[in-house]
Protein chains: 2
Amino acid sequence: MTTQRAEQRRLTEHRILTAARKLFSANGYDRTTIRAVATEAETDPGLVMRYFGSKENLFSRVARIDADEPIAGTPDEVADAVLVSLTDKLGDEPVAALAMLRSMLTHPDASRGVHNFMTEQQQQIAATLPRPDATLRAGLMMSVLLGTVVGRYLIKVEGLDDAIPEEIGDLLRPCFRALAGGDAGSAAAE
Amino acid sequence: MTTQRAEQRRLTEHRILTAARKLFSANGYDRTTIRAVATEAETDPGLVMRYFGSKENLFSRVARIDADEPIAGTPDEVADAVLVSLTDKLGDEPVAALAMLRSMLTHPDASRGVHNFMTEQQQQIAATLPRPDATLRAGLMMSVLLGTVVGRYLIKVEGLDDAIPEEIGDLLRPCFRALAGGDAGSAAAE
DNA sequence: ACGTCGAGTCAACACGCGATGACTGAAAAA
DNA sequence: TTTTTCAGTCATCGCGTGTTGACTCGACGT
């Protein structure tokens, strides 16, 4: 059985992690203070430090973008796979990812984290596109994905912040299809 | 004629503004210090304060996204207009806009600035799209634009960071066309 | 020539931050 | 019961920040 103390500690750690996720994703790394996290978690700054060592460490425990499933298939299948991974993220607020995304432009670790995630996905996608500009196309697909998530959750673009994922997915499908290049973009020549 | 003193002041102010633009766009608001700006401008922190009043004020003098020309026309024309405003921004590094964009996720003023710009453009676009989901479509167009600029200059997505604007524009044209909804997206129904 | 103005310099203030370490008291082990 | 362990508390340190005000001194107006 778990002792009273172990259980108490588990609960407190959990409160701290939840508070950290919330504040990091709402305010970013620099504007989130250990003291604010402690207050939100109804505990003490010293305890946060003891349990997690440093602010950096706490952030890395809380901010993460889970890798999607491997991507492969025909260009159209790839486009749809990216679309699915997008609508997944649009389903319900991915707090851990938002903690990362909120700080990606100002905090070096978060920047690396996002860059790594995007590059990983991008390379998988590019490998399936039989084109000389595959890397650029894959990079644009990831950029569209990024822009959509940032627009919805962080910038709160009107109409995008409260749209249902399916509708967004339907509107974006032609984009990903065109970027994947299954068929020539309509009216490409001029 | 301009006096020596007036000229000297003009030069120093200019060095400060250039330094501030550079540092704000590279490191964001919070991680840019008045001292660092002064050092970069080869002057004194006190002088920066005297000339610009406060860090906030200096930021607002330096970070701006110039409004694009009004958008109107048929859906396809609107799509192309957005595309042009994008390729313009991809032409050469828009330092003043990057100062704004770099801080948009963590600094309230920058957030407002980007939000205002996007909403403004979005409303112009939406007004030209004869669709019930015009706002969402326009919002997605702006989100794609945002994602592309952020991906190129701030995240530095591989292949996107050094691509020529025309190539990016060509790849993105079908996206904006589809979002503008001039014709039905290919394979929309299933 | 003389007094004024203003560009530039410097030291210091008040504040909030991450981090440290000593302390308390109750639960756990002996 | 006695001893040890550890969750939780608290005061405090060192540092970097934005900001202030006093000071210098060469250019300017008269």
Side-chain angles (χ1 to χ4, degrees), chain A residues 1-24 26-63 99 102-103 106-110, chain B residues 1-24 26-63 99 102-103 106-110:
Chain A
M1 79 167 245
T2 63
T3 65
Q4 258 188 60
R5 274 213 289 228
E7 177 67 4
Q8 191 53 238
R9 159 131 192 187
R10 206 186 57 78
L11 287 175
T12 304
E13 274 194 8
H14 184 263
R15 286 205 317 277
I16 293 174
L17 287 171
T18 303
R21 244 186 306 267
K22 173 177 171 183
L23 294 182
F24 278 134
N27 308 321
Y29 183 85
D30 289 327
R31 299 199 171 214
T32 298
T33 67
I34 293 288
R35 292 163 213 254
V37 171
T39 301
E40 174 78 24
E42 294 181 305
T43 180
D44 189 87
L47 208 58
V48 177
M49 292 302 296
R50 178 125 66 86
Y51 287 169
F52 297 96
S54 70
K55 186 183 175 182
E56 280 290 350
N57 217 307
L58 176 61
F59 181 76
S60 73
R61 279 287 304 274
V62 142
R102 174 75 74 181
S103 303
T106 43
H107 187 284
D109 285 7
Chain B
M1 77 167 247
T2 62
T3 65
Q4 259 188 58
R5 275 212 290 230
E7 177 66 4
Q8 191 53 238
R9 160 132 192 186
R10 205 186 58 79
L11 286 175
T12 303
E13 274 194 9
H14 183 263
R15 285 204 318 276
I16 293 174
L17 288 171
T18 302
R21 245 186 306 266
K22 173 178 171 182
L23 294 182
F24 278 135
N27 308 320
Y29 183 86
D30 289 327
R31 297 197 172 217
T32 298
T33 66
I34 293 288
R35 291 164 214 258
V37 171
T39 300
E40 173 79 23
E42 294 181 302
T43 181
D44 189 88
L47 208 58
V48 176
M49 292 303 296
R50 180 126 66 86
Y51 288 169
F52 297 96
S54 71
K55 186 183 175 182
E56 280 290 349
N57 218 304
L58 177 60
F59 181 76
S60 74
R61 277 288 302 275
V62 142
R102 174 75 75 181
S103 302
T106 42
H107 188 284
D109 285 7

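We name chains A, B, ... by the order of the sequence lines, and we start the count at 1 in each one.
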Q) Do the side chain of B/R35 and the base of D/dG18 come within less than 3.5 angstrom through a donor-acceptor pair of N or O atoms? A) yes

(Q) If I take atom CG in residue A/L47 and atom C1' in nucleotide C/dG21, what distance separates them, rounded to the nearest angstrom? (A) 14 Å

Q: Looking only at side-chain atoms of A/Q4, point me to the closest of D/dG18, C/dA28, D/dT9.
A: C/dA28

Q.
Distance to the ring centre below 6.0 angstrom and angle to the axis at most 45 degrees; does that hold for A/R9 and A/Y51?
A. yes

Q) Is the closest side-chain heavy-atom distance between A/T32 and A/V37 below 4.5 Å? A) yes

(Q) What's the closest nucleotide to the side chain of B/Q8 if the choices are D/dA27, C/dG8, C/dA19? (A) C/dG8

**Q.** Any B/T12 side-chain nitrogen or oxygen under 4.0 Å from OP1 or OP2 of C/dG8
**A.** yes

Q.
So which atom in A/A99 and which in A/R21 form the shortest heavy-atom distance, rounded to 0.1 Å?
A. CB-O, 4.3 Å

Q. Do the side chain of B/R5 and the base of D/dA27 come within less than 3.5 angstrom through a donor-acceptor pair of N or O atoms?
A. yes

Q: Would you mind reading off the distance between A/L11 atom CG and D/dA7 atom P, rounded to a whole angstrom?
A: 13 Å

**Q.** Backbone of A/A38 reached by a side-chain donor or acceptor of A/T43 within 3.5 Å
**A.** no

Q.
Can you measure A/N57 atom CG to C/dT20 atom P for me and round it to whole angstrom units?
A. 12 Å

Q.
Considering every strand and a 4.0 Å limit on heavy-atom distances, what is the contact class for B/Y51: base, sugar-phosphate, or nothing?
A. sugar-phosphate

Q: Test for a donor-acceptor pair under 3.5 Å between the base of C/dG8 and the side chain of B/R50, counting only N and O atoms.
A: yes

